[in-house]
Amino acid sequence: MVYDFKEVEKKWIDRYDSFAGYKGVDFDKKEKKYVLVEFPYPSGNGLHVGHAFSMTGADVYARFMRMNGFNVLFPMGWDAFGLPTENYAIKMGINPVIVTKQSTDNFKEQMRRLALSFDWDREVNTTDPEYYKWTQWIFTKLFEKGLAEKQEMAINWCPSCLIGLANEEVVDGKCERCGSETERRTISQWVVKITDYAERLLDGLKNTSFIDKVKAAQVNWIDKRVGANIVFEVKGSSEKLEVFTTRPDTLLGATFMVIAPEHKLVAGVMDKEDIKKYVEESRKKSEMERAELSKEKTGVFSGLYAINPINGKEIPIWIADYVLISYGTGAIMAVPSHDERDEAFAEKYDLEIDREFVPDEKMIDEIIEKGVGEKSVNYHLRDWIFSRQHYWGEPIPMIKCPVCGWIPVPDSELPVKLPEVEKYQPTSTGESPLANMTEWVETECPKCGGKARRETDTMPNWAGSDWYFLRYCDPKNDDKLADMEKMKYWMAVDVYVGGDEHNTLHLLYSRFIYQFLYDLGVVPKEIPEPYYMRLSHGVILGTDGNRMSKSHGNVIVPESVADIYGTDVLRTYMMFMGPFDSTMAWNERSLVGVKRFIEKLNKLVTDQVGKNGDGDLESSRIVHKLIKGATEDISRLKFNTVIAKLMETVNELTRAKVLVSDENLGNIVKVLAPFAPFVAEELWSVLGGEFSVHTQMFPKYEENYLYTSGVTLSVQINGKLRGTVEVNIDANEEEVRAVAESQEKVQKYLSEGTIRKVIYIKGKTINYVVA
RNA sequence: GCCGGGGUGGUGAAAUGGUAGCCACGCGGGACUUAAAAUCCCGUUCCCUUUAAAGGAGUGCGGGUUCGAUUCCCGCCCCCGGCACCA
């Protein structure tokens, strides 16, 4: 019988739409398992095979957990605010709400075809006012707790998008979204003080079992440095110069000081023409550009001298933009004999380098004793610029009253809905288009009732994804972001599958928001961290080896494969391509191998069903070996080797021409089910099983089928393979030696010297050391 | 420069201290067929060899530990991803 995937998919797909087997059941007695895969940004291009790959991997795992008796929560939603939708809306003059609807409908249908077993009853959308009501609520709480404030600050500015960018959104001095050169500009911005949680964010990693590289990414991003702040007098001035150093022991080796161009001491020397010029030029550079100029450091002498607090030595103070005002105190003591950057700078400007200098540990005590410095901890983590001058984001729910100052919008008036506007682009002043909505902007102060104005900035795209995993626990709750008891049941996320690109920002921001909510008492006190385990999925690149994107023109959509080969072959192939966490270029070359495998399996089952009673012992051995291997491999997300084992099983059973019982045919089908849901369902029904195969228990292997008395050992002579022997698994060294040494070839090599030693590793090898 | 990941056949890859290359693609040969497709069977790391047997080399490079190293350690080279010159 030829396998017709179109007919089979058509037969089952509708039944899965309302299938109870895929739903997470609140408070179910079964043990829960929360499997989360990052929700996508629903772009107009649709879901590509990269998405399909990571989601299918998570789906296989979720299905496997269900078949192991867990009550699985496997939800999906849309992180739908963002610039591409806004840009498309601007270009086409269409409301982003409509654009978003079209995109999410399209994504959802694609996911349906991929047979992803999401619980659609829990679908969330960050652009839904019922959802962003709570995103806004969180912001008002941040404000109330003093963790959000407006700051006049120099930011990266994109002159094309007319928007402020966080440092991480500037790539090579260019705007990440539009590619324009960015500049520095001072603007009033909402800033969220994530740095207050730096220590907690480091410490909390102890409560997780993230894979090592994810933990490392978090630790390195926070980058805690312990050192000292040391105060220098400035010669002929009442001003003092404070520096942060991780090496207070090198204090006596300091031969010059460097301050950032933004440092307050610079203001006093701006009358000098060369200094003024230097400061103005560095102001134009973004931090990225300053970083890029690493090979050619620039600076200018301030004319000022600092006094070393220990030995009274006069040290010249230089101004250089390789020192950043945002880190430490914006000033350093330079020890060119112990720091390569300082050395390069000293050589360029012909400054003193004390090559004889030896660091002195006791210096630290002396500094503290003299009261000229103190222990200091710095984190490289920076506060989070939270304002965007854009339309398509959550309005920041704040009101500016000329009398009362900034007042958060009261809970009862949330959500602050995005008003309809005529134009979606930012205003010519760089304000968000909401600023033009006079009747929306003008409001009353919630506190004094006087005339006041709404904030017109919107939130960054990270805001909605900071807490979405909580909303899945209770997606329709109108009174709170989620019910405490439901969160207590489902949280923490057991396995969070995501991309490396989110291992720093998204992961850190969402952990921060969770910890903040924890302190607020709105999430369960038993659960200090949101994610128990974080795994990285790999990336599927285009056939050209580049990331899939419209601009590269290398996007492969899953339907193009599913139309020809079917969903099962596509899914199984993606899982077979390589390890789940590795980067691979899309290549359809061996897709046909998976197709052949599915057809062979189909033939095996339809040929043998109902004919073979108990089957042959040999077939049970083969099938139980599969069950054991598959159980271990899926648990470790080693999907590619499970497929290899399935292929091997079908090949062995076909070649051995053994009789296979219906039970064992069913066992193979169950192992296949997480990967190829449609054909597994069909074959399960051929075998007379009840709908659905996906709610069956994953088979358990039986030890007695796996036991083999015979084993093949390698025979090595001086570590080189010289033969193999078949022996009983429990054979002792003498027995193995007798068999091995009866072989002509082994005798030949043994006769070349005297046996000095024999190493026998039971079940594996016997090695003769001959000299 | 810093951080993370990686380097194994013609290709995707497997093996995490014990027979390197499972499984799959591709390729070669054969069966079936009027023919082709599909399917099935055999072979396929490289070198030497008509073939086979036998041998040698072999997991980026150079060392080391070990009876034995793709796997562990030290040094180096190259590729990919991330980055904020972080004092």
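Naming: A, B, ... by sequence-line order, numbering from 1 per chain. Heavy-atom basis, side chains included; hydrogens, waters and symmetry copies ignored.
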Give me the distances for all protein-to-nucleotides 24-26 of chain B N/O pairs that come in under 3.5 Å?
{"residue": "A24(B)", "atom": "OP1", "partner": "Asn651(A)", "partner atom": "ND2", "Å": "2.7"}
{"residue": "C25(B)", "atom": "OP1", "partner": "Arg596(A)", "partner atom": "NH1", "Å": "2.6"}
{"residue": "C25(B)", "atom": "O2'", "partner": "Arg589(A)", "partner atom": "O", "Å": "3.1"}

Can you give me the N/O atom pairs linking the protein to nucleotides 14-19 of chain B at distances under 3.5 Å, or say none if there are none?
{"residue": "A14(B)", "atom": "OP1", "partner": "Asn640(A)", "partner atom": "ND2", "Å": "2.7"}
{"residue": "A15(B)", "atom": "OP1", "partner": "Lys638(A)", "partner atom": "NZ", "Å": "3.1"}
{"residue": "A15(B)", "atom": "OP2", "partner": "Lys638(A)", "partner atom": "NZ", "Å": "3.2"}

Would you tabulate the nitrogen or oxygen pairs shorter than 3.5 Å linking the protein to nucleotides 43-45 of chain B?
none

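Between Lys6(A) and Asp4(A) no salt bridge is recorded (no basic side-chain N to carboxylate O distance below 4.0 Å). Ion pairing of Glu599(A) with Lys595(A) is present here, as a side-chain N (NZ or NE/NH1/NH2) and a carboxylate O approach within less than 4.0 Å. Remark: Lys638(A) does not engage Glu632(A) in a salt bridge, criterion side-chain N to carboxylate O under 4.0 Å. Using a 4.0 Å cut-off between a side-chain N of Lys or Arg and a carboxylate O of Asp or Glu, Arg621(A) and Glu652(A) do not qualify as a salt bridge. Ionic pairing of Arg722(A) and Glu752(A) is not present here: no N-O contact between side-chain nitrogen and carboxylate oxygen is shorter than 4.0 angstrom. Of the charged side-chain nitrogens involved, none lies within less than 4.0 Å of a carboxylate oxygen, so that Lys348(A) and Glu343(A) do not count as a salt-bridged pair.
Heavy atoms of Tyr749(A) sit under 4.0 angstrom from primed sugar atoms or phosphate atoms, though from no base atom. Note on Lys745(A): only backbone sugar-phosphate atoms sit closer than 4.0 angstrom, heavy atoms only; bases stay farther off. Asn718(A) comes within 4.0 angstrom of nothing in the nucleic acid, heavy atoms only. Among the protein residues, Leu541(A) comes within range of no part of the nucleic acid, since none of its heavy atoms lies under 4.0 Å from any strand.
The line from CZ of Phe210(A) to OH of Tyr496(A) is 10.0 Å long, rounded to the nearest 0.5 Å. Taking OG1 of Thr56(A) as the start and NE2 of His51(A) as the end, the distance is 12.0 Å to the nearest 0.5 Å.
Under the 3.5 Å distance criterion, the side-chain polar atoms of Ser302(A) are left unmatched by any main-chain donor or acceptor of Trp318(A).
Across the protein-nucleic acid pair, Gln743(A) atom CD and A54(B) atom C1' stand 15 Å apart, rounded to whole Å. Between Asp223(A) atom CG and C85(B) atom C1' the separation is 13 Å, expressed in whole Å. To the nearest angstrom, P of G5(B) lies 14 Å from NZ of Lys215(A). Counting to the nearest Å, the C1' atom of A54(B) and the CZ atom of Arg722(A) are 11 Å from each other. When rounded to the nearest whole Å, the span between CG of Asn220(A) and P of G5(B) equals 10 Å. As rounded to whole Å, 10 Å separates atom P of G55(B) from atom CD of Glu752(A). Between the C1' atom of G6(B) and the CG atom of Asp500(A) lies a distance of 12 Å, rounded to the nearest Å. Between Asp321(A) atom CG and C86(B) atom P there is a gap of 14 Å when expressed in whole angstrom units.
The same atom, C1', is picked in G55(B) and in C48(B); the two are 9 Å apart, to the nearest Å. For the C1' atom pair drawn from C23(B) and A13(B), the interatomic distance equals 8 Å after rounding to whole Å. Here, A14(B) and U45(B) have their C1' atoms 14 Å apart, quoted to the whole Å. Across the P atoms, C79(B) and C72(B) are found 23 Å apart, a figure rounded to whole Å. Spacing between G30(B) and G81(B) at atom P, rounded to whole Å, works out to 46 Å. Nucleotides C25(B) and C3(B) have their P atoms positioned 43 Å apart, rounded to a whole Å. For the C1' atoms, the distance linking G82(B) with U8(B) amounts to 26 Å, nearest Å. Comparing the C1' positions of G6(B) and G26(B) gives an interatomic distance of 25 Å, to the nearest angstrom.
Remark: Ser54(A) engages His537(A) in a side-chain contact (heavy atoms from CB on, under 4.5 Å) (not counting sequence neighbours). Shown here are the side-chain hydrogen bond (donor to acceptor under 3.5 Å, both in side chains) partners of Lys748(A), two or more places apart in sequence or in another chain: there are none.
With RNA chain B read from its 5' end, the first of the two nearest nucleotides for Met577(A) and Glu501(A) is the one closest to Met577(A). Between Asp212(A) and Asp342(A), the one whose closest nucleotide on RNA chain B sits nearer the 5' end is Asp212(A).
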Is there a side chain to side chain donor-acceptor pair (under 3.5 Å) between Asn503(A) and Asp500(A)? Walk through the geometry before answering.
CA-CA 5 Å; Asn503(A) 282 346; Asp500(A) 285 341; 3.1 Å; yes
Assess whether side-chain contact (heavy atoms from CB on, under 4.5 Å) is satisfied between Val758(A) and Arg737(A), documenting all intermediate values.
CA-CA 9 Å; Val758(A) 178; Arg737(A) 281 189 65 166; 3.5 Å; yes
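Neither OP1 nor OP2 of C23(B) sits under 4.0 Å from any side-chain N or O of Tyr573(A). Residue Lys720(A) places at least one side-chain N or O closer than 4.0 Å to OP1 or OP2 of A57(B). Contact annotation: Lys757(A) side-chain N/O to C67(B) OP1/OP2 distance is under 4.0 Å.
Only one option out of Asp354(A), Thr255(A), Leu351(A) pairs with Pro336(A) in a side-chain contact (heavy atoms from CB on, under 4.5 Å); it is Thr255(A).
Glycosidic conformation of G9(B) is syn; the angle stays within 90° of 0.
The distance between the ring centers of Phe580(A) and Phe53(A) falls below 6.0 angstrom. Between Trp462(A) and Phe386(A), the ring centre distance reaches or exceeds 6.0 Å.
With the 3.5 Å cutoff on both pairing distances, Watson-Crick and G-U pairs in RNA chain B assemble into runs of at least 3 at B:1-7 with B:77-83, B:10-12 with B:23-25, B:26-31 with B:39-44, B:45-47 with B:55-57, B:60-64 with B:72-76.
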